[in-house]
Trainee: 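Can you read through this structure? Questions will come right after.
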Amino acid sequence: VIRISGREALAVAERVFSGPVRSYASHTAHCGRIVDAQGETVDHVLLLPMLAPRSYTGEDTVEVHCHGGSLITRRVLETILRAGARPARPGEFTFKAFMNGKLDLSQAEAVQELIGAKNALALDAAHQQLEGALSRAIRSFQQELTESAAILEAWVDFPEEGLAFASLEEVASLIETVQTKMEALARTFHEGKMVHEGLSLCLTGPPNAGKSSLMNALLGKDRAIVTDIPGTTRDVLEDELRLGALHFKLLDTAGIRDAEERVEREGIRRSKEAMQRADLILLVMDASRPQTESDAALARAALSERSILVWNKVDLAPPPTHPFSCAHVVQLSAKTGVGLDALRQAIDAVVWRQGPPSKEEVLITSLRHSQALGQAIDASRRLVAGLREEVSPEFLAADMRAMLSALGSIVGTDITEDILTAIFSKFCIGK
Ligand SMILES: Nc1nc2c(ncn2[C@@H]2O[C@H](COP(=O)(O)OP(=O)(O)OP(=O)(O)O)[C@@H](O)[C@H]2O)c(=O)[nH]1
Ligand SMILES: [Mg+2]
């Protein structure tokens, strides 16, 4: 589909189409030909005019449904461009929709998240945001704050009359109620970020423990080289792993030991680096051999609340009786596949603080929204403390304005040109 939008859209379409485009009713489909300046037929197409304001951009829009080959599409596009259209900039259609009030800013951003969604949860979250769930939450905060804001502004204007209509404590607790809700929303960023970006999952452990075997077992394909030679993996291997509704970046690394050899040493340096950066660590230990002091040292370095201790090779022997302390321990065999489901469940348990979000839940998925909400919450905390310490009204009113403006920036009411440009430049062309 080639989409033409703007005041001249109908005129341009009429220049290249075999029928009287400007006489067509909005939202009707017309079969015809695209004809170039020499009168040659370029393609047989379906043409669909959508008149302002009933279109995505809010402007006159014409869709040309042409044949899907790459050369023919290009020819149709070139014919349209020669007839007076120009190529859209990245995100320009959505930008126009925003400027014409079809979408607010958080909804416009949701369009991009929808297109980029890599898993079902991300798609749900983007749908929710596009339908305005986040905007509604922000607007309700703004509304709940309006009255308090008016009271504070009146106090600035007429300080000698004191705080009219309400006591300091009443205003403070009103604001605190909103603050609690803002904090709850802000906390969803942990989940939102996971859903949106996925998490990195790093396999670490001593050489020969079966890290690469486990990677292959989880991926269900022969991704990494497996041998019985300790030190097989030298580099950090990466692949995408889908578990339930989430996607992970799964990293296989070199087994950690005191290595002499230069290549292996570099591999071990990288594997330690990957471990530091990972969202989640799977420490793979070999249950079939006695544990050494260097295993214990590795366990101390790798185990935390974001790790899972994996005893591998339980088909050969049960895990040793003096395991290292870790909240999440799984026994499995990468060779036979026993215990893999338990590992998947353990990953789920570590990842979700309170179970996966529901389809309807509003999640903060973008850093920009998270930061703006953080600013609003900071201003709110200052304001509540200031009210209780009876700070002078100018300061209180300034904090209130800062809070409202931070909230406004999420839906796009308090936003600078630069920020807008930055947001829309991340879009792909034609969206
Ligand atoms: N019996 C048995 N053997 C296993 C299991 N998992 C791995 N192995 C064997 O253990 C050896 C080492 O496996 P790898 O997956 O290469 O181990 P690694 O941890 O990636 O080793 P490095 O890359 O050298 O650090 C291979 O011979 C595997 O076949 C298991 O669950 N049971
Ligand atoms: Mg390996």
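Remember, it's 1-based here, ligands and their atoms both numbered in the order they're listed.
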Trainee: Might you work through the salt bridge (Lys or Arg N to Asp or Glu O under 4.0 Å) test for Glu197 and Lys118, ending with a clear yes or no?
Mentor: CA-CA 8 Å; Glu197 294 171 12; Lys118 286 203 184 136; over 6 Å; no
Trainee: Listing by chain and number, which protein N, O or S atoms are under 2.8 Å from the Mg ion (ligand 2)?
Mentor: Ser212 OG, Thr233 OG1
Trainee: By ring pair (Phe, Tyr, Trp, His ring centres under 6.0 Å), which residues pair with His65, not counting sequence neighbours?
Mentor: none
Trainee: Between Arg265 and Glu260, is the salt bridge (Lys or Arg N to Asp or Glu O under 4.0 Å) condition met? List the steps.
Mentor: CA-CA 7 Å; Arg265 274 226 305 271; Glu260 296 289 315; 5.6 Å; no
Trainee: Got a donor-acceptor contact below 3.5 angstrom from the Thr177 side chain to the Ser173 backbone?
Mentor: yes
Trainee: What's the shortest heavy-atom distance between Ser288 and Lys313, and which atoms?
Mentor: OG-CD, 4.0 Å
Trainee: Near ligand 1, which protein residues have a heavy atom under 4.0 Å away?
Mentor: Pro207, Asn208, Ala209, Gly210, Lys211, Ser212, Ser213, Val226, Thr227, Asp228, Ile229, Pro230, Gly231, Thr232, Thr233, Gly255, Asn312, Lys313, Asp315, Leu316, Ser333, Ala334, Lys335
Trainee: Can you list every pair that meets side chain to side chain donor-acceptor pair (under 3.5 Å) and has a residue in residues 292-302, with sequence neighbours left out?
Mentor: Arg289-Asp295, Thr292-Ser294, Thr292-Asp295, Glu293-Arg300
Trainee: Quick check for you: to the nearest 0.5 Å, what is the distance between Glu273 atom CD and Arg277 atom CZ?
Mentor: 5.0 Å
Trainee: Answer yes or no: is there a donor N or O on one side and an acceptor on the other, between the side chain of Gln345 and the main chain of Ala342, under 3.5 Å?
Mentor: no
Trainee: Do Glu59 and Arg54 pass the salt bridge (Lys or Arg N to Asp or Glu O under 4.0 Å) test, and can you show the C-alpha distance, the side-chain angles, and the key distance before you say yes or no?
Mentor: CA-CA 8 Å; Glu59 305 169 330; Arg54 286 176 58 212; over 6 Å; no
